[in-house]
Amino acid sequence: MTEEKVWESEGLTAEEYEMITAGLGRQPNRTELGMFGVMWSEHCSYKNSLAVLRSLPTEGERVLQGPGENAGIIDIGDGQAVSFKIESHNHPSAIEPYQGAATGVGGIIRDIFTMGARPIALLDSLRFGELDDEHVRYLFEEVVAGIAGYGNSIGVPTVAGETFFSPKYQGNPLVNAMCVGLMDQQDISTATARGIGNPVMVVGAATGRDGIQGASFASDELTEESEEDRPAVQVGDPFREKLLMEASLELIKTGALVGIQDMGAAGLISSSSEMASRGEAGIEMDTALVPKREEGMTPYEVLLSESQERMLVVPRQGKEELVKEIFKKWGLNAAVIGKVTDDGKIRVYNQGEPAAEVPVRLLVDDAPVYQREGCRPAYLNELQEFSTGDFLAKQKKNRRGTDYNQELVKLLTSENLAAKNSIYEQYDHMVQLNTVILPGSDAAVLRIKGKNKGLALTVDCNGRYCYLDPERGAEIAVAEAARNLVCSGAEPLAVTDGLNFGNPLNPEVFWQFERAAAGIARACQELATPVTGGNVSFYNESPAGAIYPTPIIGMVGLLEDLSQATDQYFKEEGDLIVLLGETGAELGGSEYLKVIHDRVGGKIPELDYIREKSVQNLCLKAIKQGLIKSAHDCAEGGLAVALFESCSGNSRGARVTVETELLPEELLFSESQSRIIISLDEENMAEFSELADKSQAGYQIIGRVQGRTLKINNLIEVEIEELKAKWQAALPAMIN
């Protein structure tokens, strides 16, 4: 193999190889080259995204830990904190969907408990091709089974999520998992190696050859040959992870630790070098001392293995036996493999023989950061010029009469709007007995045991919006996530983002990324929800092309009074139904256009921050004052879909009359932002009106909870139970 082929096989460029040789003052050996290959990959170094990510707002009065650690942490009062983060496992899930999804869950759980937090909830955000494809159905079923298998076994409930289908994800599914943990602030732990002479220990599972070069695999496009990379996909063991979690949390509480880090992407070399970098120290280790489950492993293989359920810990000197004792009690390995040094280098030995010696700064801090050039995609001109008004006018000429009942049925039984109970019913969402609002409503709500407080959790993104307008689409993702939390009675606090895009070397893809990041930055500033961390996943492409730009927003909110937890479902006969916000003629990028007319185009809905904040504040104040019984964000599918969803939980009907000059399609299916449907007792209407009149939200009484049918003007009249049965059966029918 030529020298050039060696560095190419590690995912490095010729220029990067020159940077490495200049930094070392010599040529790297094979092991060192592998170390640089994974540490300078996009997955570990963020070399194509870091310059853009610096624009995100990351500070706030509640932020205890922002980006740069395993996960972010926010203050929720009473000496408690919440740690949370979202991560992707897209490429592994495309090749081996069950294990790819399962180990994605395992990795994000480890990120949370290494911070000192006990994981209390999981959320998933999934994207697939269309289900009429047999392979897509296989990927979908296996990914969901993998998430369920790992989460259920380890005992962390999956409480919320979203699933979206589009041909744009046909060859490259997205599997993003978010984990949330609860902790006492005194137990906050960091991934830092410092203290000269302190031992460096590997704890947890033994090391094998699975997952080698996984970080590099995640930093390249999927091709027809990617199936050959199956060895890059790790194999998870949730039962061992449960033991590792309990042992790690017990160790953290002893106060014996200096630092702890998950061995995730790039395994031992990533965890050791990043911990050394944070501590401005060096680490010396011997790969022969690492517990292994396979014979004859080379230093290269030990350093780059991504075997699951392993941690790197740095205890205080003299606490080695305590660490071993704790992990032995839980049936796990704990071995001293080296020590912290003061020379700022990673020194690797194998049975005492030198295997690698690299400056930490060169490996971690001096990884290249590229300023890529973006270019507005040519496709946007045609798609954004598409006029939904002109299109509807032509459609009217070509057909007589419209059966809006049938259009609503078709929408609700389509892939994206069909009920997702067949997914979340596979998840144990009640384990730990904290779940107050179950999957299916706007956001999940969990109780904080021993307190009268709760957490609201959600994930959100509309990839089609971001394809048509990446900046505004990303803004809408943040706004809708905040709206979901508000509808549940929670104050939105902070964001973790999972940024999924195609190849950043493509100027059009990089432009999408830049614009989406700008949208997140603006929305988070406007709504006071700082970004505490997240994940960038590039190279989400297949031979068919790039995915929709998909910047997923995970958001956490706080309920100071858990009794105020609110769901989206209408409660009692005779209650008034009120629409907060206003409906406009905004069908661009809508589910209606895609499902009914098979068109993707137009200008996506506007986002007015004054209106958005006013609607959110009004809804939250009304909930806190005990005025309303239900609240539901009006989003994908529009008013008709949102009204049906509010009817569906308790099979309550509604009689709705809306005075409007909009076309019927616009009234029923427009996806105008900053709208919330609430229901309340008529006796509370005067007090609510007084509150609403002081805001800039705008509101309209549109009907009453009544009977067992949904009637909207003279356009729609459907039986709730009958439609609900079709809605809930639609997704299983597509799979089978």
Novice: Donor-acceptor check, side chain of R611 to backbone of G581, threshold 3.5 angstrom: yes or no?
Specialist: no

Novice: If only atom types and distance count, is the side chain of S166 paired as donor or acceptor with the main-chain N or O of K168 below 3.5 Å?
Specialist: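 It does hold such a pair.
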
Novice: One pair to check against side-chain contact (heavy atoms from CB on, under 4.5 Å): L618 and L691. What are the steps and the verdict?
Specialist: CA-CA 7 Å; L618 174 59; L691 196 64; 3.9 Å; yes

Novice: What orientation do F128 and F140 show, parallel under 30°, tilted 30 to 60°, or perpendicular over 60°?
Specialist: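 Geometry flag for F140 against F128: perpendicular rings.
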
Novice: Got a salt bridge between E162 and R127, using NZ or NE/NH1/NH2 to carboxylate O under 4.0 Å?
Specialist: yes

Novice: Are more than 12 heavy atoms from other residues, nucleotides or ligands located less than 6.0 Å from atom CD1 of I735?
Specialist: yes

Novice: Under a 4.0 Å threshold between the charged nitrogen and the carboxylate oxygen, would E721 count as salt-bridged to R708?
Specialist: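 Salt bridge between R708 and E721, a charged N being under 4.0 Å from a carboxylate O: no.
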
Novice: Is the backbone N or O of A730 less than 3.5 Å from a side-chain atom of T413, with the two atoms forming a donor-acceptor pair by type?
Specialist: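 Between the backbone of A730 and the side chain of T413 there is no qualifying donor-acceptor contact (under 3.5 Å).
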
Novice: Would you kindly say whether D124 and Y427 are connected by a side-chain donor-acceptor distance under 3.5 Å?
Specialist: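 Yes.
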
Novice: Is the closest basic N to carboxylate O distance between E682 and R704 below 4.0 Å?
Specialist: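 Salt bridge: yes.
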
Novice: On a heavy-atom basis, which atom in G489 and which in L559 lie closest, and how many Å separate them?
Specialist: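 So the two residues come closest at O-CG, 3.5 Å.
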
Novice: Taking all non-hydrogen atoms of both residues, which atom of Q673 and which atom of I476 are closest, and how far apart?
Specialist: OE1-CG2, 3.2 Å

Novice: Would K571 and N650 count as having a side-chain donor-acceptor pair, cut-off 3.5 Å?
Specialist: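 On atom types as modelled, these side chains do not qualify, holding no pair under 3.5 Å.
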
Novice: So does V144 get a backbone contact from the side chain of Q426, meaning a donor-acceptor N/O pair under 3.5 Å?
Specialist: no

Novice: Nearest 0.5 Å please: distance from the CG atom of N617 over to the OG atom of S614.
Specialist: 6.5 Å

Novice: Taking atom CG as the centre, does D693 end up with more than 12 heavy-atom neighbours from other residues, nucleotides or ligands that are less than 6.0 angstrom away?
Specialist: yes

Novice: Is the closest side-chain heavy-atom distance between Y169 and F164 below 4.5 Å?
Specialist: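 Side chain of Y169 against side chain of F164, heavy atoms only: contact under 4.5 Å found.
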
Novice: Begin with the C-alpha distance, continue with both residues' side-chain angles, and end with the deciding distance and a verdict on side-chain contact (heavy atoms from CB on, under 4.5 Å) for L174 and S88.
Specialist: CA-CA 7 Å; L174 302 185; S88 64; over 6 Å; no

Novice: Considering all heavy atoms of both residues, which atom of L715 and which atom of P664 are nearest to each other, and what is their separation?
Specialist: CD1-CB, 3.8 Å

Novice: Identify the two heavy atoms, one from L468 and one from G589, that lie closest to each other, and give their separation to 0.1 Å.
Specialist: CD1-CA, 3.5 Å

Novice: Not counting sequence neighbours, which residues clear side-chain hydrogen bond (donor to acceptor under 3.5 Å, both in side chains) with T496? List them please.
Specialist: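 By the side-chain hydrogen bond (donor to acceptor under 3.5 Å, both in side chains) rule, T496 matches no residue at all.
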
Novice: Would you call D469 and K603 a salt bridge, taking side-chain N to carboxylate O under 4.0 Å as the test?
Specialist: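 Judged by the 4.0 Å cut-off on N to carboxylate O distance, D469 and K603 do not form a salt bridge.
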
Novice: Quick one: does M430's side chain get under 4.5 Å of P157's, heavy atoms only?
Specialist: no

Novice: Can any side-chain N or O of T435 pair as donor or acceptor with the backbone N or O of L438 at less than 3.5 Å?
Specialist: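 Such a contact is absent between T435 side chain and L438 backbone.
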
Novice: Any non-hydrogen side-chain atom of L662 less than 4.5 Å from a side-chain atom of T583?
Specialist: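 L662 reaches T583 side chain to side chain.
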
Novice: Can you tell me how far the CG atom of L392 sits from the OG atom of S387, to the nearest 0.5 Å?
Specialist: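 Result: 8.5 Å between the selected atoms.
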
Novice: Atom CG of N484 and atom CG of L457: how far apart are they, to the nearest 0.5 Å?
Specialist: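 N484 atom CG to L457 atom CG measures 11.5 Å (nearest 0.5 Å).
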
Novice: Is there a side-chain contact between L562 and K453 in this structure, where contact means two heavy atoms from C-beta onward sitting under 4.5 Å apart?
Specialist: no

Novice: Applying side-chain hydrogen bond (donor to acceptor under 3.5 Å, both in side chains), which residue pairs with at least one partner in residues 652-661 are found, sequence neighbours left out?
Specialist: R655-T709

Novice: Would you say that N172 contacts N90 through its side chain, given a criterion of any heavy-atom pair below 4.5 Å between the two side chains?
Specialist: yes

Novice: Are T458 and D460 linked by a side-chain donor-acceptor pair shorter than 3.5 Å?
Specialist: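 No, because no side-chain N or O of T458 sits under 3.5 Å from a partner of the opposite role on D460.
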
Novice: Check for a donor-acceptor pair, side chain of S672 on one end and backbone N or O of G584 on the other, with a separation under 3.5 Å.
Specialist: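 Indeed, once roles are kept as given, a pair shorter than 3.5 Å links the two residues.
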
Novice: Any chance NZ of K420 has more than 12 other-residue heavy atoms, nucleotides or ligands included, within less than 6.0 Å?
Specialist: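 Yes, enclosed.
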
Novice: Whether R464 and E591 form a salt bridge (side-chain N of Lys/Arg under 4.0 Å from carboxylate O of Asp/Glu) is what I want to check.
Specialist: yes

Novice: Could you list all the side-chain hydrogen bond (donor to acceptor under 3.5 Å, both in side chains) pairs where at least one residue sits in residues 630-647, not counting sequence neighbours?
Specialist: D442-H632, N462-E636, R483-D633, Q568-H632, S630-S679, H632-E645

Novice: Looking only at atom types and distance, does a side-chain atom of S670 sit under 3.5 Å from a main-chain N or O of L667, one as donor and one as acceptor?
Specialist: no

Novice: Pick from K410, R599, H597: which one makes a side-chain hydrogen bond (donor to acceptor under 3.5 Å, both in side chains) with Y592?
Specialist: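 Only match with Y592 under side-chain hydrogen bond (donor to acceptor under 3.5 Å, both in side chains): H597.
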
Novice: For the residue pair N152 and Y150, establish whether any side-chain heavy-atom pair is separated by less than 4.5 Å.
Specialist: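 With C-beta onward as the side chain, the pair stays apart.
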
Novice: Taking it one step at a time, do I677 and L639 satisfy side-chain contact (heavy atoms from CB on, under 4.5 Å)?
Specialist: CA-CA 9 Å; I677 297 169; L639 180 64; 3.8 Å; yes

Novice: With sequence neighbours left out, write down each residue that passes ring-ring contact (aromatic ring centres under 6.0 Å, His included) with Y404, or none if nothing qualifies.
Specialist: none

Novice: Would you confirm whether S590, through its side chain, and L593, through its main-chain N or O, come within 3.5 Å as a donor-acceptor pair?
Specialist: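 Yes; judged by distance alone, with no hydrogens or angles, the pair exists.
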
Novice: Against M734, only a single residue in L131, V136, D132 fulfils side chain to side chain contact (heavy atoms under 4.5 Å, CB included); can you say which?
Specialist: L131

Novice: Hey, mind stepping through D497 and I86 against side-chain contact (heavy atoms from CB on, under 4.5 Å) and telling me if it holds?
Specialist: CA-CA 6 Å; D497 54 12; I86 194 168; 5.5 Å; no

Novice: Where is the tightest heavy-atom contact between A101 and V143, given as atom of each residue plus distance?
Specialist: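 For A101 versus V143, the nearest heavy atoms are CB-O, 3.5 Å.
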
Novice: Salt bridge check: are E582 and R675 linked by an N-O gap of less than 4.0 Å?
Specialist: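 Judged by the 4.0 Å cut-off on N to carboxylate O distance, E582 and R675 do not form a salt bridge.
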
Novice: Take E471 and R522, measure what salt bridge (Lys or Arg N to Asp or Glu O under 4.0 Å) needs, and give me the verdict at the end.
Specialist: CA-CA 9 Å; E471 185 166 355; R522 183 183 177 193; over 6 Å; no

Novice: How would you list, by chain and number, every residue that makes a salt bridge (charged side-chain N to carboxylate O under 4.0 Å, His left out) with K711, sequence neighbours excluded?
Specialist: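 Result, salt bridge (charged side-chain N to carboxylate O under 4.0 Å, His left out) vs K711: none returned.
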
Novice: Could I get the full list of ring-ring contact (aromatic ring centres under 6.0 Å, His included) partners for Y379, not counting sequence neighbours?
Specialist: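 Applying ring-ring contact (aromatic ring centres under 6.0 Å, His included) to Y379 gives Y467.
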
Novice: Using modelled atom types and a 3.5 Å cut-off, is there a donor and acceptor pairing between side-chain atoms of N416 and backbone atoms of F165?
Specialist: yes

Novice: Within a strict 4.5 Å, meaning less than it, do heavy atoms of the V578 and Q700 side chains meet?
Specialist: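 In short, these two side chains do not touch, never coming nearer than 4.5 Å.
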
Novice: So how far is it from D567 CG to S488 OG, rounded to the nearest 0.5 Å?
Specialist: 8.5 Å

Novice: Pick from D575, N684, L680, I623: which one makes a side chain to side chain contact (heavy atoms under 4.5 Å, CB included) with K629?
Specialist: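 It is D575, the one option of D575, N684, L680, I623 that forms the side chain to side chain contact (heavy atoms under 4.5 Å, CB included) with K629.
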
Novice: Is there a donor-acceptor pair closer than 3.5 Å between any side-chain N or O of E671 and the backbone N or O of F669?
Specialist: no

Novice: Check this for me, if you would: do E130 and K594 make a salt bridge, where the nitrogen-to-carboxylate-oxygen distance has to be below 4.0 angstrom?
Specialist: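 Salt bridge between E130 and K594, a charged N being under 4.0 Å from a carboxylate O: yes.
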
Novice: Just so I know, are the side chains of F644 and I720 near enough to count as touching, which here means a heavy-atom distance under 4.5 Å?
Specialist: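 Answer yes - side chains close enough.
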
